Amino acid sequence: MPELPEVEILVRNLRPLLHRQTIREVQVRRAAVLAPTSVAQLETALVDATFQEITRRGKFLRFELRAKNSRLPLVVLGHLGMTGRMFLARKSEPLPKHAAVILDLGRRNFIYDDPRYFGRLTMDLSSLEKLGPEPLAADFTIEKFARDLKRSRQPIKVKLLDQALVAGVGNIYASEALFRAGIAPRRAANRLTLAQVNALHRAVRTVLAEAIESGSTIPLNFSAGHTDGLFYYGSAAGQEDFYAERLQVYDRAGKACYHCGSRIHRIRQAARSTFYCARCQKK
DNA sequence: CACCATGTTCCTTG
DNA sequence: CCAAGGAACATGGT
């Protein structure tokens with residue numbers, strides 16, 4: 001379920017559920033998601049440790065814990081990849097088929113489930129160092145954004161996916177932000193006008209903030225077997241109205257633009273799909 | 001069988 | 001050295 005807004009919603013939901021919960025046992029079913037941390041390292045660190053703060057950085061979840069009889073904070077980094085989910089479940093519930101890590105919290109289990117195993121639950125924090133500013137925080141300034149865009153000849157859509165430029169924008173919200181700003185996805189980053197840089201900066205923030213706003217009005221469904229299309233495709237029955245038109249271009253190839261009625265296009269850029277309205281995004 | 005999929009990292013190429 | 005592009009990772013849906 002994972003771009004910045006979805007991770008933010010997840011963090012907000014997990015925070016009260018995990019606060020001060022103590023890990024009794026660690027079960028790793030897919031060691032690759034810990035790499036380069038080993039199963040033994042994770043077990044040693046986490047057994048008897050207690051959850052403290054949980055925060056988000058870009059698309060990463062940062063779990064802060066405290067080991068038993070220790071003041072030293074211990075940090076575990078989570079990432080959902082493309083298909084990851086993290087949730088709590090009663091021990092009586094069946095484990096999902098692709099549960100990668102299970103943390104025994106006593107009454108319940110914390111489960112990291114990920115069919116494609118592209119995500120992470122690791123003690124290696126190096127990924128955080130490469131991240132650019134948080135788009136919804138004050139350090140995401142127009143000045144730095146403009147400077148960084150000037151140094152790249154990549155198509156602007158591709159550049160928006162660069163987590164060093166701004167952290168947390170993924171394939172869906174990159175297309176959405178460009179539509180919002182009226183910018184053609186193929187335009188080279190260093191050729192945006194100052195007005196376009198301003199519009200894009202604002203659009204990135206707006207699109208992400210609105211998605212968080214939208215997600216925060218719905219309770220997350222943690223029950224077993226629930227496939228989470230929550231944010232993208234409005235899978236929740238009876239919620240169609242709510243989700244209607246939330247995504248303006250993503251996955252809408254061939255359909256009418258909500259703004260001008262012309263057909264939405266799909267193109268390939270850096271091996272990913274980009275959706276846009278050729279009429280609303282002329283430059 | 002074909003192609004598609006919300007992401008990151010590594011390797012190659014220019 | 002750098003920027004950019006593509007492959008790899010692994011599974012499931014259509």
Side-chain angles (χ1 to χ4, degrees), chain A residues 1-11 29-37 56-61 77-86 96-101 112-122 124-132 135 148-178 185-191 204 207-208 211-212 214-215 220 225-235 243 246-254 266-275:
Chain A
M1 48 178 275
E3 287 184 39
L4 181 150
E6 293 74 32
V7 177
E8 176 64 26
I9 295 297
L10 177 62
V11 165
R29 308 188 130 201
R30 180 65 70 124
V33 305
L34 312 182
T37 301
R56 178 193 57 72
R57 178 79 173 93
K59 301 172 196 171
F60 290 87
L61 300 100
L77 200 62
H79 196 287
L80 299 171
M82 301 261 262
T83 54
R85 298 192 309 146
M86 293 183 184
K97 185 174 171 187
H98 300 290
V101 180
Y112 163 43
D113 172 44
D114 190 350
R116 289 171 76 176
Y117 305 109
F118 282 0
R120 284 286 179 278
L121 196 65
T122 180
D124 171 28
L125 310 182
S126 58
S127 297
L128 292 178
E129 296 162 15
K130 305 160 198 155
L131 295 181
D148 290 348
L149 291 178
K150 267 285 170 261
R151 288 195 282 109
S152 172
R153 272 163 291 185
Q154 279 187 299
I156 185 59
K157 155 60 167 43
V158 176
K159 191 61 189 172
L160 276 177
L161 298 179
D162 179 354
Q163 301 298 295
L165 174 71
V166 52
V169 176
N171 205 40
I172 293 176
Y173 295 111
S175 283
E176 293 297 319
L178 287 170
R186 291 192 180 93
R187 175 130 301 236
N190 62 357
R191 292 184 57 201
V204 165
V207 159
L208 297 177
I212 292 171
S214 157
L220 273 193
H226 177 76
T227 54
D228 187 8
L230 193 58
F231 298 97
Y232 304 117
Y233 303 109
S235 68
Y243 295 103
R246 195 170 81 62
L247 297 182
Q248 306 274 299
V249 289
Y250 184 79
D251 205 24
R252 298 198 65 243
R266 178 169 80 90
I267 57 172
R268 302 290 281 179
Q269 291 184 288
R272 316 289 305 272
S273 285
T274 297
F275 298 88

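Protein chains get the first letters and strands the later ones, always in sequence-line order, with residue 1 at the start of each. Computed from a predicted model, the values in this text were never measured in an experiment.
- Here the closest non-hydrogen pair linking Lys59(A) and Val7(A) is O-CG2, 3.6 Å.
- Taking atom OH on Tyr117(A) and atom C1' on dA5(B), their separation rounds to 17 Å, with Å as the unit.
- The CG atom of Leu80(A) sits 10 Å away from the P atom of dT8(B) (whole-angstrom rounding).
- Closest heavy-atom contact between Glu176(A) and Val249(A): OE2-N, 2.9 Å.
- Each of dA10(C), dA4(C), dG7(B) was ranked by its minimum atom distance to the side chain of Lys59(A); first place goes to dG7(B).
- Pair assignment for dA10(C) gives none, since no Watson-Crick or G-U wobble pairing has each distance under 3.5 Å.
- When each of dA5(B), dG7(B), dG5(C) is scored by its nearest atom to the side-chain atoms of Gln154(A), the top-ranked nucleotide is dG5(C).
- Closest non-hydrogen pair, Arg120(A) versus Tyr112(A), comes out as N-OH, 3.5 Å.
- Taking atom P in both dC3(B) and dA7(C), one finds a spacing of 13 Å when rounded to whole Å.
- For the residue pair Thr122(A) and Thr37(A), a side-chain donor N or O sits within less than 3.5 Å of a side-chain acceptor on the partner.
- Candidate nucleotides dG12(C), dA5(B), dA10(C) were compared by shortest atom distance to the side chain of Pro115(A), and dG12(C) ranks first.
- Within the nucleic acid shown, Arg120(A) has no heavy atom closer than 4.0 Å to any nucleic acid atom.
- Between Ser152(A) and dA4(C) there is a side-chain polar atom (N or O) within less than 4.0 angstrom of OP1 or OP2.
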Which atom pairs link the protein and nucleotides 9-14 of chain B when you take only N or O atoms and keep those under 3.5 Å?
| unit_1 | atom_1 | unit_2 | atom_2 | d |
| --- | --- | --- | --- | --- |
| dT9(B) | OP1 | Ser127(A) | OG | 2.7 |

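- Considering only side-chain atoms of Pro2(A), the nucleotide from dG7(B), dG12(C), dA5(B) that sits closest is dG7(B).
- If Arg151(A) and Ala270(A) are placed on DNA chain C by their nearest nucleotide, the residue sitting closer to the 5' end is Arg151(A).
- Taking side-chain N and O atoms only, Arg30(A) has a distance below 4.0 Å to OP1 or OP2 of dT11(C).
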Side chain to side chain contact (heavy atoms under 4.5 Å, CB included), that's the test. Do His98(A) and Arg116(A) meet it? Break it down for me. CA-CA 8 Å; His98(A) 300 290; Arg116(A) 289 171 76 176; over 6 Å; no

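- A donor-acceptor contact under 3.5 Å is not formed by the side chain of Arg153(A) with the base of dA4(C).
- Distances were taken from every side-chain heavy atom of Met82(A) (C-beta onward) to each of dA10(C), dG12(C), dG7(B); the shortest belongs to dG7(B).
- The two atoms that bring Lys159(A) and Leu149(A) nearest to each other are CG-CD2, 4.0 Å, heavy atoms only.
- No hydrogens or angles considered: a donor-acceptor pair under 3.5 Å links the side chains of Arg266(A) and Ser273(A).
- Atoms CZ (Arg272(A)) and P (dT8(B)) sit 8 Å apart, rounded to a whole Å.
- Residue Leu149(A) contributes atom CG, which lies 12 Å from atom P of dA4(C) at whole-angstrom precision.
- Residue-level contact check: Lys97(A) touches the backbone only, with heavy atoms under 4.0 Å from sugar-phosphate atoms and none from bases.
- Rounded to whole Å, the distance from CG on Leu161(A) to C1' on dG5(C) is 13 Å.
- Atom NE2 in His98(A) sits about 6 Å away from atom C1' in dT11(C), given to the nearest Å.
- Closest to the Arg268(A) side chain, of the nucleotides dA5(B), dG7(B), dA4(C), is dA5(B).
- Minimum heavy-atom separation, Pro135(A) to Val204(A): CB-CG1, 4.1 Å.
- His79(A) has a side-chain polar atom (N or O) that falls below the 4.0 Å cut-off from OP1 or OP2 of dT8(B).
- The CD atom of Glu6(A) sits 17 Å away from the P atom of dA5(B) (whole-angstrom rounding).
- Side-chain proximity of Ser273(A) to the nucleotides dG12(C), dA5(B), dG7(B) is greatest for dA5(B).
- dA10(C) and dC11(B) have their P atoms separated by 15 Å, with the value rounded to a whole Å.
- Using a 4.0 Å heavy-atom distance criterion, Phe118(A) is classed as a base contact.
- Between Thr274(A) and Pro185(A) the shortest heavy-atom distance is CG2-CB, 3.5 Å.
- Whole-Å rounding puts the Asp251(A) CG to dT14(C) P distance at 12 Å.
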